[in-house]
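Remarks on the structure that follows.
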Protein chains: 2
Amino acid sequence: MPTQTSAQRREEARHAHRAAVDLCPTNRVLDRLGDKWVGLVLVELEKGRSRHADLARALAGASQKMLTQTLRELERDGLVERSVTPSVPVRVDYALTPLGESLLPVLHTVTRWATRHIDDVDAAQRAYDRNRTPRSHK
Amino acid sequence: MPTQTSAQRREEARHAHRAAVDLCPTNRVLDRLGDKWVGLVLVELEKGRSRHADLARALAGASQKMLTQTLRELERDGLVERSVTPSVPVRVDYALTPLGESLLPVLHTVTRWATRHIDDVDAAQRAYDRNRTPRSHK
DNA sequence: CCGTATCCACAAGGATACTG
DNA sequence: CAGTATCCTTGTGGATACGG
């Protein structure tokens, strides 16, 4: 008589595998890169140090909350450096750290693939949708 | 007298910018790559064609629903090909398409950066957290 | 064996208003 | 100017059960 049912064993395996996935460096990086505004911020900072207000202008689609949150996460990861100049009003600049700059080539690799193959992806999506959503007339 | 308030103009700009972001090939790809199980599936299929059940075993952490959903999305994007052998019970295999294989080097670039620099990221996070959550004793 | 349908919890993201 | 706090809507992912 087993001390655990097979369902119990499977659930344990699920949790163990999930913990491993969450620790996996690649997945952690993909996760960060997958955040909605991270790519845009990196591209913007690649042009050079930038003030908060300038970033806000460049990322007009992002809410103030999301912009700040994104910058904080990147700062915590050591990818972005935040520097405050205590004037009145205060001036806050953001810049890539060396670690952040080392990530740029990775981003460029993604961008290159995307621009080269996005047409293929679009075509595939259209073909897929065509076969599943046949023209309404029967 | 302006026909729109500045608040209205800013909101329009937000929406316009967001639409552009959603269309941007790079962001679309980052979005897909950021999906929780996409990286794992690609790594698994890189080893070769695989049955659904084998993928389920390899991705023990993923629920059946998410596994299927992930595979569908990748199929729709033209990255993965699904083939059904109508035996009893049915046998379903998944394999990378040439387009999917062309994405592997991109993934490897991410993996390489991640394994090389994850220690730096961890150190940065610890340092950041240390300065914001000072030891409880005062 | 493979897939779908439901229902559900939680996290991500956004709108707004307010502070130093 | 930069940031925080609050509230709210939506999307993502998971558990479970059922069907071909």
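The chains referred to below are lettered A, B, ... by the order of the sequence lines, with proteins before strands, and numbering in each begins at 1.
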Review point. Nearest-Å distance, CG (B:Asn27) to P (C:dG13)?
Key: 12 Å
**Study point:** salt_bridge(B:Arg28, B:Asp31) N-O dist < 4.0 Å
**Key:** no
Study note, to complete from the structure: In B:Val41, B:Leu42, B:Leu40, the residue satisfying side chain to side chain contact (heavy atoms under 4.5 Å, CB included) with B:Val38 is B:Leu42
Exercise for review: Just do the side-chain contact (heavy atoms from CB on, under 4.5 Å) check on A:Arg72 and A:Gln69 with the steps written out, would you?
Suggested key: CA-CA 5 Å; A:Arg72 285 289 173 288; A:Gln69 189 179 112; 5.7 Å; no
Review point. Quick one: do A:Arg126 and A:Asp129 make a salt bridge, cutoff under 4.0 Å?
Key: no
Review point. Once you round it to whole Å, what is the distance between P of D:dG14 and NE2 of A:His17?
Key: 12 Å
Check your understanding: Under 3.5 Å, is there a donor-acceptor pair linking the side chains of B:Ser83 and B:Arg49?
Key -> yes
Practice item. Return no unless some side-chain N or O of A:Arg18 is found under 4.0 Å from OP1 or OP2 of D:dG13. Key: no
Review point. Taking side chain as C-beta onward, heavy atoms only, is A:Leu59 less than 4.5 Å from B:Val21?
Key: no
Review point. The side chain of B:His15 lies closest to which of these nucleotides: C:dA15, D:dA15, C:dT4?
Key: C:dA15
Review point. Just how far, in rounded Å, is P of D:dG13 from CG of A:Asp31?
Key: 9 Å
Check your understanding: Going through the checks in order, is the side-chain contact (heavy atoms from CB on, under 4.5 Å) test met by A:Leu107 and B:Leu30?
Key -> CA-CA 9 Å; A:Leu107 185 59; B:Leu30 285 177; 4.1 Å; yes
Exercise for review: Select one nucleotide: of C:dG3, D:dC1, C:dC1, the one nearest the side-chain heavy atoms of A:Ala53.
Suggested key: D:dC1
Practice item. Would you jot down, in residue-number order, the residues of residues 69-94 of chain B having a non-hydrogen atom under 4.0 Å from DNA chain C? Key: B:Arg72, B:Arg82, B:Pro89, B:Val90, B:Val92, B:Tyr94
Practice item. Nearest whole angstrom, please: distance from the P of D:dG13 to the CH2 of B:Trp37. Key: 10 Å
Practice item. Could you check whether the rings of B:His52 and B:Tyr94 sit parallel, tilted or perpendicular, using 30° and 60° as the cut-offs? Key: tilted
Check your understanding: Between B:Asp35 (CG) and D:dT12 (C1'), how many Å, whole number?
Key -> 9 Å
Review point. Would A:Leu71 and A:Leu55 count as a side-chain contact (heavy atoms from CB on, under 4.5 Å) if you check the C-alpha gap in whole Å, the side-chain angles of each, and the deciding distance to 0.1 Å?
Key: CA-CA 10 Å; A:Leu71 288 167; A:Leu55 285 173; 4.0 Å; yes
Check your understanding: Over how many whole Å does the gap from A:Asp54 atom CG to D:dA2 atom C1' extend?
Key -> 13 Å
Practice item. Please report, rounded to the nearest Å, how far the C1' atom of D:dG14 is from the CG atom of A:Asp22. Key: 14 Å
Review point. When you look at A:Arg91 and A:Val84, which way does the side-chain contact (heavy atoms from CB on, under 4.5 Å) test go after all the steps?
Key: CA-CA 6 Å; A:Arg91 173 196 175 99; A:Val84 181; over 6 Å; no
Check your understanding: Do A:Arg32 and A:Leu74 touch side chain to side chain, with heavy atoms closer than 4.5 Å?
Key -> yes
Point to revise | Residues from residues 40-52 of chain B lying under 4.0 Å of DNA chain C - heavy atoms | key: B:Arg51, B:His52
Review point. Out of C:dG14, C:dA15, D:dG3, which has the shortest distance to the side chain of B:Arg14?
Key: C:dA15
Exercise for review: Find the distance A:Gln64:CD to C:dA15:C1' and express it as a whole number of Å.
Suggested key: 11 Å
Check your understanding: Just by protein heavy atoms under 4.0 Å, how would nucleotides 5-11 of chain D read 5' to 3' in B, S and -?
Key -> -B-----
Check your understanding: Going only through I, L, V, M, F, W and Y residues with side-chain contacts under 4.5 Å, is there a path from A:Leu96 to B:Tyr128?
Key -> no
